[in-house]
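Proteins come first, then strands; the chains are lettered A, B, ... in the order of their sequence lines, and each starts at number 1.
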There are 4 protein chains.
Amino acid sequence: MPKSLEEMRQRVYEANVALPEHGLVKFTWGNVSEVCRELGRIVIKPSGVDYDRLSPENMVVTDLDGNVVEGELNPSSDLATHVALYKAWPEIGAVVHTHSTEAVGWAQAGRDIPFYGTTHADYFYGPIPCARSLTAEEVDTAYEKETGSVIIETFAERGIDPVAVPGIVVRNHGPFTWGKDPAQAVYHSVVLEEVAKMNRFTEQINPRVEPAPKYIMDKHYLRKHGPNAYYGQKGDEH
Amino acid sequence: MPKSLEEMRQRVYEANVALPEHGLVKFTWGNVSEVCRELGRIVIKPSGVDYDRLSPENMVVTDLDGNVVEGELNPSSDLATHVALYKAWPEIGAVVHTHSTEAVGWAQAGRDIPFYGTTHADYFYGPIPCARSLTAEEVDTAYEKETGSVIIETFAERGIDPVAVPGIVVRNHGPFTWGKDPAQAVYHSVVLEEVAKMNRFTEQINPRVEPAPKYIMDKHYLRKHGPNAYYGQKGDEH
Amino acid sequence: MPKSLEEMRQRVYEANVALPEHGLVKFTWGNVSEVCRELGRIVIKPSGVDYDRLSPENMVVTDLDGNVVEGELNPSSDLATHVALYKAWPEIGAVVHTHSTEAVGWAQAGRDIPFYGTTHADYFYGPIPCARSLTAEEVDTAYEKETGSVIIETFAERGIDPVAVPGIVVRNHGPFTWGKDPAQAVYHSVVLEEVAKMNRFTEQINPRVEPAPKYIMDKHYLRKHGPNAYYGQKGDEH
Amino acid sequence: MPKSLEEMRQRVYEANVALPEHGLVKFTWGNVSEVCRELGRIVIKPSGVDYDRLSPENMVVTDLDGNVVEGELNPSSDLATHVALYKAWPEIGAVVHTHSTEAVGWAQAGRDIPFYGTTHADYFYGPIPCARSLTAEEVDTAYEKETGSVIIETFAERGIDPVAVPGIVVRNHGPFTWGKDPAQAVYHSVVLEEVAKMNRFTEQINPRVEPAPKYIMDKHYLRKHGPNAYYGQKGDEH
């Protein structure tokens, strides 16, 4: 059953304003979108509009190729990245991009965020990868679309399931996360930022730290996800 | 005299909502419980419920083995850790678990939090230990219960009194604290987090720093605790 | 067309009170001014007055040499630095000085803030320079004016366009930023502080990090600035 | 002319509640006092009382030796340190003690806070010293009084004027600041904390950083202090 466009506008609006509330963005430095493939529609934040001027009504609606079909404002300039991810990964329903400080630290450092503990494993089943920088040619031809391509390439080459590892940092740029809906995608952005900070502290306190055991990752991820999950209340999804 | 179950619900509720107010948890990443051994009851936060949806009424009541006796929600998935600590240590009345950022830094680094100064000694009479990681077998058989076991094992092997050192970080996981009641257990979580941060700064400023003298620990701990304490007002406990 | 002095007072007032709101200043440690060359006037914060006692009315008005022409309060003691920048750079309309913590870290460290990523390139087209310390003679003769001179000297010697790189840190002192109007100059102070923090994290996470590729700087700067910009809404300036 | 005891109560109350507002204390971890030598009175915060339960009325009044003369509550357990400083330094009118995080970092690291820039020189005319740890004998005989003695000893041995350098960190403990009145003493605590943070960042960004030139210290301190000061408004003191 296709989603209601009105409810998508509302969810995308709420998810966008949640970004500054969680301390993930300054000014207009972030954007959230949601897709409905049956409806053939993507709803995304307009470009460069202050968070306090956003409303469900001024969200921009596009088709699945990113052509604007409703709304008088330009869509987020990162739209083509969102479109690329939706095309590659039918399992995901929403995408978030921010310049959150701790995640950018790892992106600029060009490093994967290692698996050091249970906070990480509760939501990311493996290290959070760092995608390579775009080449000059990729930047010059279709920058935002190619940003999506290097993300997809990273997951494909390493054989990572984007549902099990719902986020990445792009080298010299910043984090992208995704989820089944806008709220979950924002949740993953909060987790990624928090884990990025915890891991910076961890390496500062013990520069020779090693990744945590794989069986701890399995336990924590699987007590929250999949058929045998027992965290939370019956019927909840996490 | 047994406690009032109604008052326990209220105290456990208030202690749980104090966690985000002190900046110790994001989302649902923390839990507080209280025990009354005479009453044969433990009151604990339900699992995965947002802090703003908590109330004294939806706290979960279990027996001393952790079997739910009141409440329709699942108890915190960490309940078995709380139960293990209550069984091992009759002196304690409440337990707190969080994923507070600075404490997790030390947990993931796999290091005890050293004694560097008086803020630490006012509440923790010695280094705050880091428990070992669980083995694959412990994780697979009874993860949450065994988390309690490694905490208890750490205190026993090192001969530490859990009343004098009311907290620990568990390797690759995070902090647990306890106290005579929920408010004190939360207080100890705040202290642990603050000392974890101070000590990170201390080692950054002076990488060759040594622990502070034992006689300073004695003085600061004993001016607040025990028969000769003189901090605070008559009749207060600290 | 000359600006309205009344509107300048209002803008300068609003920009000054925005500084503590953005966490850039404590107490009275910051100041914003605006110039109108046609009107022959500069409007600047009074010296050492608490932010909550500021009003559009008590902003100080000077001529283009910094002589007070309206207002009973002393102008900011940094006025002569602002005057020097306005004389050297006809393109700029407003100046901000703060002691924001992260930027001061780089100023005291005596290092340029390197170009590591897109957050930086969205607003600063190249590394943010660190001006040299003043000499004893410069400090003794006309400290505040000479602070302006070393800033101007830094841009001239390195051939940097102050519109493309709208800020600097002065060694052993702190940051100055500028823009077409007070709001944009404050915006640049926020960006400079955030990039200073991101880059501190980046070097901590990867001590051997190298600057990002020049073509990424070109792409991000030019998608927001100049005739081919496509970020934001038609008619907006960024 | 002696001060009004009522006004002292009000000022000391306001200064104490300002500490958590400035983020300098958690719980009850700080205290402010004021002295009037003509009146023969010290007003100080009661020990271990939450900041939200403080009022001008429950401040404790003592004589110049620290004997309580008014009030039913115990004075701050650090009173003897305040008394020692008032006896040694007739120029000061108020004392503040906190466990603020960044300052404790330097105290625990056992290092003076170096002079790296103008923020420091605006209020502290030289490095902020770190006093030695107390000996076991000093701790055992009169801990709080001897804390005052090592502070006084540090200034005497190094020939530092406590008016020009209105604060210190005590090894393994934390910061003390002072001033002509409670508000100024609190102001100095805020500056000390901020400079402690800036300098931690500075050494992280450039581990080989050297102190700033002495003539910059002279300029910045003397444009705010002494007969030739020109910062702020006529009649203000800074």
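The structure places OH of Y143(C) at 5.5 Å from OG1 of T118(D), a figure rounded to the nearest 0.5 Å. To the nearest 0.5 Å, atoms CG (N74(C)) and OH (Y230(D)) are separated by 12.0 Å. Taking CD from E102(C) and CD1 from I205(D), the interatomic distance works out to 7.0 Å, rounded to the nearest 0.5 Å. The CD atom of E194(D) sits 9.0 Å away from the OG atom of S100(C) when rounded to the nearest 0.5 Å. Note: Y215(D) OH to E137(C) CD = 10.5 Å, rounded to the nearest 0.5 Å. To the nearest 0.5 Å, atom CG of residue N172(C) and atom OG1 of residue T119(D) are 10.5 Å apart.
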- Item | Intermediate values then yes/no, side-chain contact (heavy atoms from CB on, under 4.5 Å), Q108(C) and F201(D) | CA-CA 9 Å; Q108(C) 294 192 154; F201(D) 291 175; over 6 Å; no
- Message: H220(D) vs H173(C), test: side-chain contact (heavy atoms from CB on, under 4.5 Å). Steps then yes/no.
- Response: CA-CA 10 Å; H220(D) 262 262; H173(C) 189 22; 3.9 Å; yes
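A 6.0 Å sphere centred on NZ of K219(D) holds more than 12 heavy atoms belonging to other residues, nucleotides or ligands. By the neighbour-count criterion of 12 heavy atoms within 6.0 Å, atom CD of E6(D) is sparsely surrounded, having that number or fewer from other residues, nucleotides or ligands. Heavy-atom contacts from other residues, nucleotides or ligands closer than 6.0 Å to NZ of K3(D) number more than 12. Atom CD of E153(C) sits in a crowded spot, with more than 12 heavy atoms from other residues, nucleotides or ligands closer than 6.0 Å.
Contact annotation for P46(C): both backbone and side-chain heavy atoms come within less than 4.5 Å of a heavy atom of chain D. There is no contact between H120(D) and chain C, counting heavy-atom distances below 4.5 Å.
A heavy-atom distance below 4.5 Å is found between the side chains of D122(D) and H99(C).
Using the six-membered ring where Trp is involved, H22(D) and F27(C) have ring planes that are tilted, between 30° and 60° apart.
Note on R223(D) versus E144(C): salt bridge recorded, some NZ/NE/NH1/NH2 to OD/OE distance being below 4.0 Å.
Nearest heavy-atom pair, V209(D) versus A109(C), reported as atom, atom and distance to 0.1 Å: CG2-CA, 4.3 Å.
Applying the ring pair (Phe, Tyr, Trp, His ring centres under 6.0 Å) criterion to Y221(C), with sequence neighbours excluded, gives Y125(C), H225(C).
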